[in-house]
Structures are given as C-alpha cells and as structure tokens.
Amino acid sequence: MAALAQTDDAPEQELSIEAALARIERIVGPTGWTDSPEAMRPHLEDWRGHYKGRARMVVKPASTQDVSAIVSACAAACIPIVPQGGNTSLCGASTPEEDGTAIVLSLGRMNQVRDLDTDNHTITVEAGCLLQDIQTKALEADRYFPLSLASEGSCMIGGNLSTNAGGVNTLRYGNARELALGIEAVLPDGRILNGLTGLRKDNTGYDLMDLLIGAEGTLGIITAAVLKLFPRPTDQRSAFCAVPSLAAAVSLLSHARAESGDAVEAFEFMPRTLLDLVLAHIPDTADPLTARHDFYVLMDLVSTSNRSGDLGTTMEAILATAFEDGLVLDAAIAQSEAQRQAFWRLRENTSEGQRREGPSIKHDVSVPVSAIAGFYDRAFQEVQKIDPEVRLVGYGHVGDGNLHYNLQAPRGVDAKTFFAQSAAFNHAVHDVVAEMGGSISAEHGIGRLKRAELAHYKDPVALQTMRAIKDALDPKGLMNPGKVI
Ligand code: FAD
Ligand code: MLT
Ligand code: ZN
C-alpha cells in the first residue's frame with residue numbers, strides 16, 4: 001500500500017505510516033480490514049451521493065480493545081480516522097475526505113447486546129448494533145426503545161448517538177441524547193473512557209458522555225452505550241389528517257396533547273408536494289384520503305396501560321372537535337396494524353421519494369414550535385426571490401419545531417444548475433432561521449455540508465469553546481477531520 005506524503009505542518013509521527021497500518025492489520029486479522037476498492041466503495045460515498053472520498057483502508061474491529069489499539073497506532077503515525085456506523089448521514093459526516101490519508105473505522109462488527117436489565121429499564125449495546133435490532137430486543141423483553149428514524153434498518157446506535165439523532169418520537173421521548181445513560185468510548189489517544197453506568201443520577205463532575213454525544217466522531221469513538229428503556233406500548237393509533245395550514249397543525253397538536261393526556265407520540269407534517277413525490281416513486285403506497293388537500297399531519301397516540309380508556313375513542317374525539325374548530329378538513333384513522341404501517345410507509349419514504357425525484361437541497365432547521373408557521377411562509381418568500389420555480393418540500397417533526405425545509409429542483413433543471421444556487425438558498429433560509437432564534441441543524445448534524453454555515457451562524461464564543469475542547473482532546477486533529485469545525 002503506497003504511503004501518502006505528510007504536509008510540512010503535520011504533527012510529528014512516532015511510528016511510520018506503513019508500520020502503523022501493518023500493526024492495524026495484525027490487530028484485526030485478515031477478515032477485519034480491506035483496501036480493495038470494490039469492498040471499500042460503500043464506505044467512501046454518502047447516502048445522497050454528494051461526497052466521494054478515499055481512504056487507506058476500511059478497518060472493522062471486533063472489540064473495544066481492538067478500537068483502542070487501532071486508535072493508538074493511528075495517533076502514533078498521525079493517521080486520521082473517520083468513525084463510521086451505517087453511513088446514513090445526510091450531511092456527509094461519515095465520508096472520508098478526498099485526500100485519501102484517513103482510514104475508515106467501521107463499527108459494524110461490534111453488534112452485541114451486552115446486557116438488558118428490565119428492572120433498571122436499560123439495555124447495554126455495542127456501537128455497531130442496528131437501531132432496528134435494539135428496538136426488537138427491547139420488545140422481546142416487554143420493553144420499548146423509542147428512537148425511530150426512517151433509516152433505522154441501516155443506521156447504528158453509535159452513529160445515532162454521535163449525531164444526537166432525533167426522528168419521529170422525539171416529541172415524547174427526546175433525542176438520542178435524552179435516551180442515553182452512559183457510554184464507553186475510545187479517546188483520540190487510544191485510552192478507553194468507561195462511562196457505562198445505568199445511573200439516572202450521577203453528579204460527579206463534567207458530563208463527558210454529553211460531550212461525545214453529538215460530536216460526530218470528532219472527539220473520539222463511541223464503542224458502547226447504556227440506553228433507557230420504557231414500558232412497552234399496549235396500544236398505538238395513527239390518524240392521517242388533512243389540515244388547512246401549518247398554523248392549524250400546530251393548534252391541532254396542542255389540542256391533541258391536552259385531550260389525550262399528553263399521549264401524542266409522533267406528529268409529522270407534510271405538504272401535498274411531498275405526498276405526490278412519495279406516491280409517484282414508492283411502490284405500494286396510496287393516498288389514505290379521497291380528496292386532494294394542500295397539507296397533512298400524521299399523528300400517533302400511544303398508551304402504555306391496559307387500564308386507560310380506548311385509544312381509538314380518544315383519537316375520534318380529538319378529531320371530531322378539531323373538525324368542528326376547522327383544524328382538520330378530513331381524516332382517516334388506521335383500523336388495523338397493516339393500515340397503520342401503510343400510513344407510516346408514506347412518511348418513512350419521504351427522503352427516498354425526494355432522492356428519486358432528482359436534485360434537492362436539504363435544510364434541517366428548527367425554530368420555536370410557536371414560530372414554525374411564520375417561518376414556513378417567510379422563508380418561502382426569500383427562496384422565491386432566488387428562483388420562483390423552486391419546489392418547496394417542507395415537512396417534518398412539527399412537535400419539535402423541526403422542519404426539513406427541503407427544496408426540490410424545478411422540473412427539467414439539472415443538478416449542476418440547481419446546486420449552483422445552493423449557497424444563495426442556504427443563506428436565504430438560514431437568515432430567516434437566525435432571525436427567529438432557530439438552529440441551522442436540528443437533528444442531522446453539521447458534517448461537511450454545514451461547516452461553513454456553522455462558522456457563519458454559531459455564536460462566536462460557542463465556536464471558540466468548541467475549538468478549545470477539540471484541541472484539548474484531539475490535539476493532532478485526527479478524529480474525523482474536515483467535519484463540524
Ligand atoms: P454514520 O452516517 O455512519 O455517521 C454519522 C456521524 O457519526 C459521522 O460523523 C460519523 O463519523 C459518526 N459516528 C458514527 N459512528 C460513530 C461512533 N461509534 N463513534 C463516534 N462517531 C461515530 N436523522 C435524524 O436525526 N432523524 C431522522 O428522522 C432521520 N431520518 C433519516 C432518513 C433517511 C432515509 C436517512 C438516509 C437518514 C436519516 N437521518 C435521520 C440521518 C441519519 O440516519 C442519522 O444521522 C443517523 O443517526 C446516522 O447513523 P449512522 O449509523 O448511519 O451514522
Ligand atoms: C426525515 O425526517 O425523514 C429525515 O430526517 C428528513 C430528510 O431526509 O431530509
Ligand atoms: Zn427528520
């Protein structure tokens with residue numbers, strides 16, 4: 001394998017690159033690494049196909065000790081490391097840079113459930129566990145792990161924690177951060193930080209777990225985590241509702257929370273433009289309502305008790321008053337689990353529908369819930385000044401104030417022409433976000449996509465503090481370089 005030259009200002013090496021790579025090969029054995037272009041390809045390109053990187057090798061350790069030994073070797077030879085889970089990042093966070101100096105460290109082989117404690121309501125999992133497998137394990141033990149994203153069949157818990165993933169149940173259970181009690185991690189010098197406690201109370205100094213969560217692999221590698229579990233739902237009901245506006249959707253949410261005893265688990269907004277894309281591109285999908293409407297909400301109620309009243313009746317009562325108050329124009333309540341899944345299939349395929357439709361620019365933003373309807377319209381005015389033909393596909397987690405304010409290229413406009421306007425669109429949308437006290441990244445993270453935006457919009461003192469933390473933990477700048485800051 002050819003060694004790539006170091007730059008003049010690179011930190012001093014204690015080990016040659018060749019010696020470090022040979023050591024890594026010995027640590028993981030012949031089946032634990034590859035440098036074959038074919039085998040590496042899925043690890044070098046992002047889900048959206050926007051970034052194509054290069055790497056010296058993809059290494060797949062089987063244990064925390066292996067990760068520690070690999071990171072130590074890389075630190076000694078100044079080899080950058082890109083930690084990778086399911087590689088489903090929507091902002092290029094898990095793709096190596098084009099210079100080819102890094103290795104990709106894929107956690108996929110570390111997929112053991114180490115412990116499940118039903119009384120403590122916790123599950124201890126390795127970083128490479130698929131999110132969906134953790135959900136299943138919890139259900140098998142009559143417990144519930146509520147983190148839920150459309151990518152749950154491919155993303156891994158280490159990636160979920162490293163991005164502080166949100167998803168459709170944040171409204172009730174919080175982001176990935178709120179669902180973690182402890183983590184084990186390998187720091188950039190190779191030391192193992194053992195914070196695998198299942199404690200709900202622990203005030204012994206700085207919260208290092210919270211530092212690593214959401215760090216997108218720039219401060220170390222999460223190798224395992226203790227996660228919170230909840231009582232298994234006894235009933236879940238979904239309604240697909242046509243609403244007159246986003247403002248009405250926000251009022252419907254308040255109404256539903258109050259009337260259900262705060263049993264709303266998910267509350268997802270989507271415009272007709274998006275539903276049309278999903279119906280056009282995703283097989284086995286159908287509009288649940290007979291007439292066309294401009295805006296929709298998919299709402300889930302959940303119950304964890306057999307003693308509370310019938311959830312279906314509660315849903316009907318909520319929708320009946322909402323209909324009288326003009327908050328809902330039409331609605332379908334799922335009458336079976338299959339129908340509920342059919343409603344959710346529409347929501348879970350929104351990203352795929354957009355991908356198949358053609359080029360789109362993503363804005364994963366948040367504002368206070370009360371400001372979301374105003375934001376939707378204000379930002380669209382700004383966007384239309386740049387291109388009146390652009391298609392707004394703004395949807396998402398309204399209950400969290402989080403919109404995926406995505407812009408789809410006008411029909412017939414090619415990717416190159418459309419993406420030439422990216423910076424203008426980003427500034428138009430993000431300026432309105434900033435004015436409203438919002439965030440330019442609600443749940444996807446910064447990665448490569450939003451690095452410049454972060455530098456522009458983040459509070460300068462916050463940025464300096466982030467830089468100080470990065471320099472203290474990773475002085476050689478080897479952990480996921482080119483991402484976040
Ligand atoms: P990767 O993409 O592999 O990595 C993401 C980041 O975490 C990178 O910076 C990587 O270096 C770092 N990383 C990965 N593993 C580790 C580790 N063990 N230690 C340290 N750093 C690590 N996101 C949401 O929040 N909400 C959604 O609703 C949502 N929906 C999605 C729908 C689709 C169809 C797709 C494709 C993506 C969606 N995402 C969503 C984005 C993505 O799935 C999440 O960000 C997810 O948490 C990433 O997990 P992953 O295992 O794929 O991580
Ligand atoms: C989702 O909620 O479906 C994704 O986070 C949105 C996206 O792909 O932009
Ligand atoms: Zn989302």
Side-chain angles (χ1 to χ4, degrees), residues 42-43 46-48 61 64 67 71 80-96 102 104-108 110 125-131 147-170 175-177 183-188 212-225 266 268-270 274 278 344 346-355 360-366 393-398 400 402-408 441-449 479-484:
H43 298 274
D46 70 314
W47 186 85
R48 300 181 70 204
T64 303
V67 176
V71 173
I81 302 173
V82 179
Q84 197 176 84
N87 195 20
T88 64
S89 168
L90 296 175
C91 52
S94 44
T95 314
V104 171
L105 192 150
S106 166
L107 278 300
M110 292 184 57
V125 293
E126 292 185 341
C129 285
L130 291 177
L131 173 55
L147 188 66
S148 177
L149 338 175
S151 55
E152 62 201 19
S154 337
C155 63
M156 298 175 191
I157 195 66
N160 300 145
L161 292 168
S162 299
T163 55
N164 186 24
V168 295
N169 292 339
T170 303
N175 293 310
R177 186 188 298 286
I183 57 161
E184 176 192 82
V186 171
L187 298 179
L212 278 136
I213 292 178
E216 299 182 43
T218 62
L219 298 179
I221 299 175
I222 296 175
T223 48
E268 297 290 317
F269 171 82
M270 70 165 85
L274 179 59
V278 174
W344 274 99
L346 298 170
R347 173 60 183 90
E348 281 163 0
N349 280 290
T350 51
S351 306
E352 187 59 37
Q354 283 174 93
R355 186 162 77 158
S360 73
I361 297 172
K362 284 189 189 292
H363 299 110
D364 164 40
V365 301
S366 65
V393 186
Y395 70 101
H397 322 291
V398 165
D400 313 322
N402 176 192
L403 278 179
H404 298 303
Y405 204 79
N406 299 343
L407 305 176
Q408 200 81 36
S441 176
E443 60 170 9
H444 295 163
I446 300 299
R448 291 172 75 168
L449 182 67
M479 295 304 308
N480 211 2
K483 318 290 163 50
V484 188

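In each ligand, atom 1 is the first atom listed, and ligand 1 is the first ligand listed. This one's a predicted model, so the numbers in the text were calculated from it and none came from an experiment.
- The Zn ion (ligand 3) has no N, O or S atom of Asp364 closer than 2.8 Å.
- Residue contact check for ligand 2: His397 places a non-hydrogen atom closer than 4.0 Å to it.
- Nearest N/O/S atom of Glu443 relative to the Zn ion (ligand 3): this is OE2.
- Minimum heavy-atom separation, Tyr395 to Phe269: CB-O, 3.1 Å.
- Here Glu216 contributes atom CD and Leu161 contributes atom CG; the two are 13.0 Å apart, rounded to the nearest 0.5 Å.
- For the residue pair Ser89 and Ala93, the shortest heavy atom distance occurs at OG-N, 3.1 Å.
- Put simply, the side chain of Glu184 never gets that close to the backbone of Ile222: no donor and acceptor are under 3.5 Å apart.
- A salt bridge links Arg347 with Glu268: the closest approach of a Lys/Arg side-chain nitrogen to an acidic carboxylate oxygen falls below 4.0 angstrom.
- Using a 3.5 Å distance cut-off with no hydrogens or angles, the side chains of Glu443 and Asn175 do not pair a donor with an acceptor.
- Not a single heavy atom of Glu348 sits less than 4.0 Å from an atom of ligand 2.
- Considering only non-hydrogen atoms, atom 3 (O) of ligand 2 lies nearest to Arg347 out of His404, Arg347, Met270.
- What sits closest to atom 8 (O) of ligand 2 on the protein, heavy atoms only, is Ser351 OG, 2.6 Å.
- The Zn ion (ligand 3) lies at 2.8 Å or more from every N, O or S atom belonging to His444.
- Within His404, NE2 is the N, O or S atom that lies nearest to the Zn ion (ligand 3).
- Set against the non-hydrogen atoms of Asn406, the atoms of ligand 2 under 4.0 Å away are 9 (O).
- Annotation for ligand 2: atoms under 4.0 Å from non-hydrogen atoms of Thr350 are 3 (O).
- The only option from Lys362, His397, His363 that meets the side-chain contact (heavy atoms from CB on, under 4.5 Å) definition with His404 turns out to be His397.
- The protein heavy atom nearest to atom 5 (O) of ligand 2 is His444 NE2, 2.7 Å.
- A distance of 11.0 Å separates SG of Cys91 from CZ of Arg448, quoted to the nearest 0.5 Å.
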Is there a side chain to side chain donor-acceptor pair (under 3.5 Å) between Thr350 and Gln354 once you walk through the steps?
CA-CA 6 Å; Thr350 51; Gln354 283 174 93; 5.1 Å; no

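- For the pair Ser441 and Ile446, the tightest heavy-atom approach, listed with the atom from each and the gap, is CB-CD1, 3.9 Å.
- At under 3.5 Å, not a single nitrogen or oxygen of Gln354, backbone or side chain, sits near a nitrogen or oxygen of ligand 2.
- Contacts of ligand 1 (protein heavy-atom distance under 4.0 Å) are Trp47, Pro83, Gln84, Gly85, Gly86, Asn87, Thr88, Ser89, Leu90, Ala93, Ser94, Leu107, Ala127, Leu149, Ala150, Ser151, Cys155, Met156, Gly158, Gly159, Asn160, Ser162, Thr163, Ala165, Gly166, Gly167, Glu216, Gly217, Gly220, Ile221, Ile222, Ser351, His397, Glu443, His444, Asn480.
- Of all the heavy atoms in Thr88 and Ser154, the pair that sits closest is CG2-CB, 3.8 Å.
- Contact between Thr223 and Met110 at its shortest, heavy atoms only, is O-CE, 3.8 Å.
- Heavy-atom proximity to Glu443, at under 4.0 Å, picks out these atoms of ligand 2: 2 (O), 5 (O).
- For ligand 2 and Leu90, the ligand atoms under 4.0 Å from any heavy atom of the residue are 7 (C), 8 (O).
- The closest protein non-hydrogen atom to atom 9 (O) of ligand 2 is Lys362 NZ, 3.0 Å.
- For the pair Leu219 and Pro188, the tightest heavy-atom approach, listed with the atom from each and the gap, is O-CD, 3.2 Å.
- No hydrogens or angles considered: nothing links the side chains of Asn87 and Asp46 as a donor-acceptor pair under 3.5 Å.
- Here Tyr405 has no heavy atoms under 4.0 Å from ligand 2, in either its backbone or its side chain.
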